[in-house]
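Below: one structure, written as structure tokens.
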Amino acid sequence: MNILIIGNGGREHALAWKINQSDLCKQLYVAPGNAGTAACAQNIDIKATDFDALAKFCLSNKIDIILVGPEEPLVKGIYDFFTTNPETAHIYVIGPSQEAAQLEGSKAFAKAFMDRNKIPTAAYREFDNTNYEEGVEYVRNHALPIVLKADGLAAGKGVLICHNHIEALAEFELMIQQSKFGDAGRRVVVEEFLHGIEMSVFVVTDGINYVLLPDAKDYKRIGVGDTGLNTGGMGAVSPVPFADAAFKDKIIQRIVEPTIAGLKNEKLEYKGFIFIGIIKVDDDPYVIEYNCRLGDPETEVVVPRIESDFVEILTAIAEKRVNELNIAISKDAAATVVAVSGGYPNQYEVGKVISGLEVTSFKDTVIFQSGTKISGNDIVTNGGRVLAVTSFGDNISEAVEQSVYMLEQIYFDEIYFREDIGYEFKK
Ligand code: AMP
Ligand code: GLY
């Protein structure tokens, strides 16, 4: 099989690293990729949303499978673009149709889907220009804190948690009247705040059948102890210690099965991964959000724990044989610690030379790269999140300790990482 991965983050490096180990993979490409993917695949300089150029490349290089990493091409309809064109219809695209990708692309769509399918989630109302005044009243009378969500994709910035009504009303106005998050944010979901601990569940589906991948928990805040600004993710651990068999069973019965049944009943074509953000309130799971792809940095702990051939998983998805899959999962715990550029998630500099990447003498560690590129003989920083160092251990503490130790051997100017990933689960 010739495989093309789309994206350029640590998630795509982890996927390329895993797929490269499969005997079923002949040629592996990543568009556009990074310095890490260049070591296990061939990078192709095509943007993730340039469907015409991707199609041309796929035809001339006999690509059999396209694995889409980030949400943007999925929400923009890459699945339909390839499957409805007779020339490219034979290529397996791993991901949902554009309509089904709205589970991530539109918060209002996702909430209505959950309502129809009786999937537990926070109570909500949706507002736009047509019922703005009613929305103002609703926000004014809503219990605190109030969660405001821009309907469309907003690069992870579209969710605001407001702790007083003045702030909530001001933000509500900015979103709907001033297009704070662009046109897609002029529709707003106003949601009840749920108190609890979050985790991520990953579902492999062909739209009819499903299997679960290992679960994970990510750490979004920049500072130690989950403080400071939100980021794209500072680390992740897998498995999630508080997700015992009884809790997982509730997730399956109340959330995963009705989600898959909903896709099927509503004829939403979906051949890929569903990432369900779950919050545990007392002992009950609620959906915080759906994503139509794998998570980053969760993939950097989920994929390394999969012992089965990943290309077999991809072909089973495309051929609607997910019911035949029996995915073997390592008993080891995995943790990834993300090294970021100084200043991130605000302004930061790029182009810093990274040293110490050649330290590979630890068999239980893999260094995944995200914001990196090759510059002459060097690998240099090229983004906010730069590396995701994943380690295995008998438990989460051991795995985190090993990743932190490895990161202490790696250097670039103003490197920063959190040493306390998995702190709640410390032994
Ligand atoms: P989302 O982009 O929907 O994942 O939201 C970003 C983050 O906001 C989530 O990971 C949660 O930490 C938080 N969040 C979103 N919705 C709620 C809610 N209803 N209650 C509490 N926290 C929430
Ligand atoms: N780690 C969260 C995400 O990938 O959206």
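Order of listing sets the numbers, starting from 1, for every ligand and every atom in it.
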Discussion item. Tell me the nearest of Ile146, Ile288, Val189 to atom 17 (C) of ligand 1, using heavy-atom distances.
Written reply: Ile288
Worksheet item: Does the side chain of Tyr405 pick up a donor-acceptor pair with the side chain of Ser391 at under 3.5 Å?
Response: no
Item to complete: Give a yes-or-no answer on whether the side chains of Arg305 and Ser238 include a donor-acceptor pair shorter than 3.5 Å.
Response: yes
Worksheet, complete the sentence: One finds that the ligand 1 atoms under 4.0 Å from a non-hydrogen atom of Val147 are 16 (N), 18 (C), 19 (N)
Discussion item. When you compare the side chains of Thr37 and Asn43, does any donor N or O come within less than 3.5 Å of an acceptor on the partner?
Written reply: yes
Worksheet entry | Numbered atoms and elements of ligand 2 in range of Gly295, under 4.0 angstrom, heavy atoms | 4 (O)
Discussion item. Show me which atoms of ligand 1 lie under 4.0 Å from any heavy atom of Glu191.
Written reply: 16 (N), 17 (C), 18 (C), 19 (N)
Discussion item. Applying ring pair (Phe, Tyr, Trp, His ring centres under 6.0 Å) as the test, list every pair that has at least one member in residues 186-224; sequence neighbours left out.
Written reply: Phe193-His195, Phe202-Phe275
Practice prompt. Might you confirm whether atom NZ of Lys352 has over 12 heavy atoms from other residues, nucleotides or ligands at distances under 6.0 Å?
Written response: yes
Worksheet item: What atoms of ligand 2 come closer than 4.0 angstrom to any heavy atom of Arg293?
Response: 3 (C), 4 (O), 5 (O)
Practice prompt. Could you list the atoms of ligand 1 found under 4.0 angstrom from a heavy atom of Lys220?
Written response: 10 (O)
Fill in: Sub-4.0 Å heavy-atom contact, His195 with ligand 1
no
Worksheet item: N/O to N/O below 3.5 Å, does that happen between Asp296 and ligand 2?
Response: yes
Response to the item:
For Lys149, the ligand 1 atoms with a heavy-atom partner under 4.0 Å come out as 3 (O), 15 (C), 16 (N)
Worksheet item: Between Asp218 and ligand 2, is there a nitrogen or oxygen pair with a distance under 3.5 Å?
Response: yes
Discussion item. Looking only at the aromatic ring of each residue, does the gap between the centers of Tyr79 and Tyr270 stay below 6.0 angstrom?
Written reply: no
Discussion item. Check for me whether Lys76 meets the cation-pi criterion with Phe51, that is, NZ or CZ under 6.0 Å from the six-membered ring centre and within 45 degrees of the ring axis.
Written reply: no
Worksheet item: In terms of the angle between their ring planes, are Phe57 and Tyr29 parallel, tilted or perpendicular, with boundaries placed at 30° and 60°?
Response: perpendicular
Worksheet item: Which bit of Arg11 is near ligand 2, meaning a heavy atom under 4.0 Å away: side chain, backbone, both or neither?
Response: neither
